[in-house]
There are 2 protein chains.
Amino acid sequence: MGGPLPRDPIADAQRNWEQHGWGEVAAPMAAITAIMRTQQILLGRIEDVLRPFGLTFARYELLALLSFARDGSLPMSRASALLQVHPTSVTNAVDRLEAAGLVERAPHPTDGRTTLVTLTDAGRRVAGRATAALNTEVFARSGFTDDDVEHLIRVLHGFRRRAGDFLDP
Amino acid sequence: MGGPLPRDPIADAQRNWEQHGWGEVAAPMAAITAIMRTQQILLGRIEDVLRPFGLTFARYELLALLSFARDGSLPMSRASALLQVHPTSVTNAVDRLEAAGLVERAPHPTDGRTTLVTLTDAGRRVAGRATAALNTEVFARSGFTDDDVEHLIRVLHGFRRRAGDFLDP
DNA sequence: TCCGGACCCTTGGACGTCCTAGTAGATTTC
DNA sequence: GAAATCTACTAGGACGTCCAAGGGTCCGGA
């Protein structure tokens with residue numbers, strides 16, 4: 001999409017903020033912009049690894065979630081809550097995974113409102129291979145040191161808790 | 001979209017990874033997933049603040065970039081490079097900003113291939129007000145301490161440089 | 001009993017992102 | 001100078017995300 005720039009555009013933006021009288025918030029602006037860009041880079045790497053499996057990150061996340069669930073099955077609303085995405089995003093992902101034969105929809109045995117999503121055998125196989133690929137090709141070479149990882153987990157855990165994601169300690 | 005969960009779903013995922021033999025990469029996985037979620041939270045806050053201005057974050061970023069450029073004008077290819085998004089994303093954003101009267105397209109004086117995007121007076125006014133709103137309502141209350149901000153900037157700068165974003169020190 | 005509110009899922013639409021392909025203009029190469 | 005190669009932008013399409021709206025189901029209080 002274009003080679004490396006000669007200078008860091010986010011550091012430039014931070015300088016611009018400072019020169020225009022917003023020095024107080026220039027640093028948080030730069031940190032937040034850097035998070036946005038980092039997410040974009042990481043998502044690109046992940047999607048590159050998942051493409052051969054016919055998966056996107058959204059679909060992979062659902063497969064991985066199901067593979068850790070009892071019986072490989074969850075209500076769609078539960079998946080929406082755990083993945084922290086809108087219910088319609090789950091509907092979308094399940095539609096495509098179902099078309100690919102990786103999951104199945106089934107009515108809930110006692111609650112007529114809820115739909116259960118269940119991993120098929122093929123889905124469990126694909127989930128396992130995709131996880132192995134992601135682990136060795138992305139997470140094992142994340143580009144962060146162990147200290148960075150430790151620190152990011154701690155700082156972002158606190159941020160997400162304060163943002164209301166969860167009640168945990 | 002759903003209230004707080006009782007437990008941190010990312011910490012749970014990390015435990016699942018460890019219990020399934022991927023202990024070596026469980027921490028980087030958790031850090032990367034946390035970056036994804038943090039980006040989602042921050043983007044939501046930003047879009048909430050920009051909505052009253054009829055802007056999205058993508059359009060705001062272009063306006064802000066132009067407001068710092070000489071004459072409020074840049075070639076589209078330059079905007080694409082600095083914002084680090086696909087050229088078609090810039091085409092999309094310019095289409096909508098132009099329809100809103102905030103920017104204008106003009107042919108480059110000497111290079112027939114390139115199109116210049118220029119801020120209108122209205123565009124400059126909206127950019128200024130949107131920046132003030134973002135600074136006071138999002139960046140000044142980022143939810144990160146000064147130390148967190150400092151650390152994030154440093155760690156993510158290194159990550160982005162190693163990822164090939166720029167050549168800077 | 002039944003009825004209104006809460007919950008679950010889906011449809012349709014808006015947006016941003018990327019990719020592929022195509023056109024037009026510029027530059028390099030021979 | 002002409003052909004091959006780059007570069008810049010745009011059209012069309014796939015995908016994920018969200019919101020608003022709608023229909024089915026469940027439950028608790030009158």
Side-chain angles (χ1 to χ4, degrees), chain A residues 1-3 36-37 39-48 50-51 53-63 74-100 103-117, chain B residues 1-3 36-37 39-48 50-51 53-63 74-100 103-117:
Chain A
M1 197 161 47
M36 302 286 190
R37 174 60 184 155
Q39 187 266 354
Q40 189 181 19
I41 292 169
L42 289 167
L43 183 58
R45 289 185 191 171
I46 290 170
E47 301 265 346
D48 285 346
L50 292 177
R51 194 163 301 117
F53 298 100
L55 293 176
T56 63
F57 187 46
R59 297 178 212 170
Y60 167 76
E61 278 193 296
L62 182 51
L63 282 190
L74 282 177
M76 300 197 43
S77 54
R78 182 100 184 105
S80 168
L82 291 173
L83 297 175
Q84 304 185 102
V85 294
H86 200 278
T88 53
S89 296
V90 176
T91 297
N92 186 338
V94 171
D95 282 350
R96 298 174 195 279
L97 288 170
E98 193 171 31
V103 305
E104 283 174 348
R105 267 184 248 244
H108 190 285
T110 66
D111 187 334
R113 294 169 301 179
T114 95
T115 300
L116 292 174
V117 195
Chain B
M1 198 162 49
M36 302 285 191
R37 174 60 185 155
Q39 186 266 354
Q40 189 180 20
I41 292 168
L42 290 168
L43 182 59
R45 289 185 190 172
I46 290 171
E47 301 263 342
D48 285 346
L50 292 177
R51 193 164 301 116
F53 298 99
L55 293 176
T56 63
F57 187 48
R59 297 178 212 170
Y60 167 77
E61 279 193 296
L62 182 52
L63 283 189
L74 281 178
M76 300 194 46
S77 54
R78 182 102 185 104
S80 169
L82 291 173
L83 297 175
Q84 304 185 106
V85 294
H86 200 277
T88 55
S89 296
V90 176
T91 296
N92 186 339
V94 171
D95 283 350
R96 299 174 193 281
L97 288 170
E98 194 172 30
V103 305
E104 284 173 347
R105 266 184 249 242
H108 190 285
T110 65
D111 188 333
R113 294 169 300 180
T114 94
T115 299
L116 292 174
V117 195

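Protein chains get the first letters and strands the later ones, always in sequence-line order, with residue 1 at the start of each.
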Between [atom2] on [N] and [atom1] on [X], what's the gap in Å once rounded to a whole number?
{"X": "M76(A)", "N": "dG24(D)", "atom1": "CE", "atom2": "P", "answer": "18 Å"}
{"X": "M1(A)", "N": "dA8(D)", "atom1": "CE", "atom2": "C1'", "answer": "16 Å"}
{"X": "D111(A)", "N": "dG24(D)", "atom1": "CG", "atom2": "P", "answer": "16 Å"}
{"X": "F57(B)", "N": "dC18(D)", "atom1": "CZ", "atom2": "C1'", "answer": "17 Å"}

Value rounded to 0.5 Å, distance of [atom1] in [X] from [atom2] in [Y]:
{"X": "R113(B)", "Y": "T110(B)", "atom1": "CZ", "atom2": "OG1", "value": "9.5 Å"}
{"X": "L82(A)", "Y": "E61(A)", "atom1": "CG", "atom2": "CD", "value": "11.0 Å"}
{"X": "N92(B)", "Y": "L97(B)", "atom1": "CG", "atom2": "CG", "value": "9.5 Å"}

Going 5' to 3' on DNA chain C, which nucleotide is the first and which the last to come under 4.0 Å of a heavy atom in chain B?
dC15(C) to dA26(C)
Does a side-chain heavy-atom distance below 4.5 Å link T56(A) with E47(A)?
yes
Both R105(B) and R59(A) contact DNA chain D. Taking the nearest nucleotide for each, which residue is further toward the 5' end?
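It is R105(B) whose nearest nucleotide is closer to the 5' end.
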Need to verify one output field. Residue with the more 5' nearest nucleotide on DNA chain D, G112(A) or E61(A)?
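Looking at DNA chain D, the more 5' nearest nucleotide goes with E61(A).
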Which atom of [X] lies closest to which atom of [Y], heavy atoms considered:
{"X": "T114(A)", "Y": "H108(A)", "value": "OG1-CB, 2.9 Å"}
{"X": "M76(B)", "Y": "V94(B)", "value": "CE-CG2, 4.1 Å"}
{"X": "Q84(B)", "Y": "M1(A)", "value": "O-CE, 4.0 Å"}

Applying side chain to side chain contact (heavy atoms under 4.5 Å, CB included) to L62(B) and R96(B), what does each step give before you reach the verdict?
CA-CA 11 Å; L62(B) 182 52; R96(B) 299 174 193 281; over 6 Å; no
Q39(B) and L42(A): side chain to side chain contact (heavy atoms under 4.5 Å, CB included), yes or no, with the steps?
CA-CA 12 Å; Q39(B) 186 266 354; L42(A) 289 167; over 6 Å; no
By nearest nucleotide on DNA chain C, pick out whichever of T114(A) and Q40(A) is the more 5' one.
T114(A)
Residue mapping more 5' on DNA chain C - nearest nucleotide basis, Q84(B) or L116(A)
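The residue mapped nearer the 5' terminus is L116(A).
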Above 12 or not: heavy atoms from other molecules or residues under 6.0 Å from CD of Q40(B)?
yes
Residue R78(A) excluded, over 12 heavy atoms near CZ under 6.0 Å:
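No, because the 6.0 Å sphere around CZ of R78(A) holds 12 heavy atoms or fewer from other groups.
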Using a strict heavy-atom distance below 4.0 Å, which residues from residues 86-95 of chain B are in contact with DNA chain C?
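Only H86(B), T88(B), S89(B), N92(B) qualify.
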For E47(A), which contact category applies under a 4.0 Å heavy-atom criterion: base, sugar-phosphate, or nothing?
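Counting heavy atoms under 4.0 Å across all strands, no contact is made by E47(A).
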Using a cut-off of 4.0 Å on non-hydrogen atoms, how would the nucleic acid contact of S80(A) be classed: base, sugar-phosphate, or nothing?
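S80(A): no heavy atom of the nucleic acid under 4.0 Å.
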Please tabulate, one pair per line, each protein N/O and nucleotide N/O from nucleotides 5-7 of chain D that are separated by under 3.5 Å, including the distance.
residue: dT7(D); atom: O4'; partner: R113(B); partner atom: NH1; Å: 3.4

